[in-house]
Amino acid sequence: MTASNDEKWMNKKISRRDMLKLSGIGVAGVAIGASGLGGIMKVMGYDVFEPVADSTTARNKVDFYGKHQSGIITPVQTNIYFAALDVLFTSKKELQELFKQWTPLVVRLMNGELMVDLTTNTRVPTGDTGEAAGLDASNLSITIGVGPSLFEKLGIQHLKPEELKDLPHFPKDQLQKEFTGGDLCIQACADDPQVAFHAVRNLVRAASGKVEIKWSQAGFNSFPAGGGTPRNLFAFKDGTGNPSITDDKDLNKVVWVDKGWLKGGSYLVARKVQMHLETWDRTSYKEQEATFGRYRDSGAPFGKKKEFDDFDVEAKDSNGEYIMPDTSHVHLARKSGAHILRRSYSYASGVMTNTGAHDAGLMFISFQKDPAQFITIQNSLGRIDKMNEYITHRGSAVFACFPGVSKGSYIGEALFNAL
């Protein structure tokens, strides 16, 4: 990342002596405490809420400002770092200040800049951890959401949308507490894994003493050289049935909330899905295709030739048998009649120490205007989905992702305007 001079909010040059004067500390200045980066910057005389503009010169840049948050209909990047956070305060004002503080920092990160200019003073912690120095913006998108637990913690239950509640238990769920829930979420996606991780790391660091990470997951996608749908770790294409990200009519029907303070936002469903690769790898090719209801190589639904060919889920062959097995994943999902925007990533996190099996799977992410859309599909899959033989749901969370931010505004302003 570069340290551009294009409309920065922290472009002052401060000598070590001046910095120590401002902070009122000597060598012991490293003990700044739990006030976090915002506290450091206030001590140094900076306005932590000063607006920052989208850069017009950054390479591989996704804009921050707009009608909707980035990272929802942004073209899918190759990497994700997803974090669910818990807040350590109970004050609405502190939440508002956090979002105001994060807003210019997010813009800088998405501009491909260091979050805070580097200092020559070696006696204090650096404002930015620095691992993204020299890298460009890498199409970084950052999406912020709030979970159902936040509203009770802050005493603002009356503002919690009716649709925002913990997902129900589904057949075959084996959820682990350490991968479930969260007051806030940060979804950072980029075409460089270090850029995505750097963004989450530094935003959490800037909010030291205010938030802590409850759980997180890194993930990856790979795309064919000529473009196309990425494949999951079962080698099947993932996301074929998505609505077009350029079709406003489809997006308004499937993705965007159209009422209340969340209007223009969307609900994010996150599911950490372990894939039992060893079992899958012992399964015949024919049975693998029957599990999905699609041909592996082309991605086409059974009975069709191309990936995006439409199909009749009730179609039968001359023997009266379903062309697409009625226990296949695609058959059951289509039969539900519900639609979502999938934005999932594969993950590989070493081995399961108790079995020696791969700790790998799918960081399932979907966006929808109502979590009921996801619930309808999941209930349709139920206990009869053949995929259940090869996967286990380990983590689950749902978040309301704010509408976009206009220049001069801040993340989540619509929520606070509703107070």
Side-chain angles (χ1 to χ4, degrees), residues 9-10 34-42 46-54 63-72 82-111 115-116 140-161 164 182-188 199-214 257 260-268 397 399-419:
W9 61 288
M10 199 167 168
S35 60
L37 181 61
I40 297 172
M41 292 185 295
K42 286 180 180 178
Y46 291 112
D47 179 1
V48 296
F49 303 140
E50 185 177 335
V52 177
D54 277 313
D63 283 342
F64 170 78
Y65 295 106
K67 185 177 180 181
H68 309 291
Q69 281 198 78
S70 66
I72 301 176
F82 183 89
L85 314 177
D86 279 341
V87 301
L88 303 177
F89 50 78
T90 57
S91 160
K92 299 185 287 291
K93 183 178 179 182
E94 286 179 281
L95 180 67
Q96 185 179 34
E97 288 180 349
L98 173 64
F99 288 152
K100 285 183 175 181
Q101 177 190 349
W102 269 355
T103 299
L105 302 181
V106 169
V107 184
R108 283 192 61 137
L109 290 167
M110 289 176 59
N111 281 346
M115 196 171 71
V116 176
L140 174 67
S141 64
I142 296 175
T143 316
I144 307 291
V146 291
S149 57
L150 179 73
F151 292 82
E152 182 174 352
K153 188 173 287 188
L154 269 59
I156 52 174
Q157 297 96 320
H158 63 289
L159 290 179
K160 183 168 75 72
L164 182 61
D183 297 332
L184 304 174
C185 76
I186 305 174
Q187 176 195 256
V200 174
R201 177 186 182 186
N202 280 270
L203 288 172
V204 172
R205 182 174 183 255
S208 175
K210 301 175 183 177
V211 302
E212 63 183 6
I213 296 180
K214 180 178 176 67
V257 175
W261 60 260
L262 195 57
K263 184 176 181 179
S266 190
Y267 290 97
L268 182 157
F399 300 93
C401 294
F402 297 115
V405 179
S406 58
K407 293 179 181 179
S409 182
Y410 60 92
I411 296 165
E413 183 183 26
L415 171 62
F416 296 97
N417 288 343
L419 288 174

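Just so it is clear, the values below take in all heavy atoms, side chains as well, and ignore hydrogens, waters and symmetry mates. Index from 1, following the sequence.
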Restricting to non-hydrogen atoms, name the atom on [X] and the atom on [Y] that form the minimum distance, rounded to 0.1 Å.
{"X": "F399", "Y": "G147", "result": "CD2-N, 3.5 Å"}
{"X": "L140", "Y": "A199", "result": "CD2-CB, 4.1 Å"}
{"X": "D86", "Y": "G182", "result": "OD1-CA, 3.8 Å"}
{"X": "A400", "Y": "W261", "result": "CB-CH2, 4.5 Å"}
{"X": "K100", "Y": "P104", "result": "O-CD, 3.1 Å"}
{"X": "L419", "Y": "K92", "result": "CD2-CD, 3.8 Å"}

Considering only heavy atoms from C-beta outward, does the side chain of [X] approach that of [Y] to under 4.5 Å?
{"X": "L262", "Y": "P403", "value": "yes"}
{"X": "N202", "Y": "L105", "value": "no"}
{"X": "Y65", "Y": "S409", "value": "no"}

- [ ] Go through the steps for L109 and F64 under the test side-chain contact (heavy atoms from CB on, under 4.5 Å), then give the verdict.
- [x] CA-CA 10 Å; L109 290 167; F64 170 78; over 6 Å; no
Has [X] got a side-chain atom pairing as donor or acceptor with [Y]'s backbone, closer than 3.5 angstrom?
{"X": "D54", "Y": "M110", "result": "no"}
{"X": "S70", "Y": "I142", "result": "yes"}
{"X": "T103", "Y": "I411", "result": "yes"}
{"X": "W102", "Y": "I144", "result": "no"}
{"X": "Q96", "Y": "F416", "result": "no"}
{"X": "D183", "Y": "V87", "result": "yes"}
{"X": "E212", "Y": "L88", "result": "no"}

With rounding to the nearest 0.5 Å, note down the distance linking [atom1] in [X] to [atom2] in [Y].
{"X": "R201", "Y": "I213", "atom1": "CZ", "atom2": "CD1", "answer": "10.5 Å"}
{"X": "L415", "Y": "F151", "atom1": "CG", "atom2": "CZ", "answer": "5.5 Å"}
{"X": "S141", "Y": "Q69", "atom1": "OG", "atom2": "CD", "answer": "9.5 Å"}

Could you check whether atom NZ of K160 has more than 12 heavy atoms from other residues, nucleotides or ligands sitting under 6.0 Å from it?
yes
| task | Given side-chain contact (heavy atoms from CB on, under 4.5 Å), test K210 with Q101 step by step and report yes or no. | result | CA-CA 12 Å; K210 301 175 183 177; Q101 177 190 349; 3.2 Å; yes
Report task. Decide side-chain contact (heavy atoms from CB on, under 4.5 Å) for L95 and L150; before the verdict, give the C-alpha distance in whole Å, the side-chain angles of both, and the deciding distance to 0.1 Å. Result -> CA-CA 10 Å; L95 180 67; L150 179 73; 3.8 Å; yes
Before you tell me yes or no, could you show the steps for V106 and V405 under side-chain contact (heavy atoms from CB on, under 4.5 Å), namely the whole-Å CA-CA distance, both residues' side-chain angles and the distance that decides it to 0.1 Å? CA-CA 11 Å; V106 169; V405 179; over 6 Å; no
Would you call the rings of F99 and F402 parallel, tilted or perpendicular if under 30° counts as parallel and over 60° as perpendicular?
perpendicular
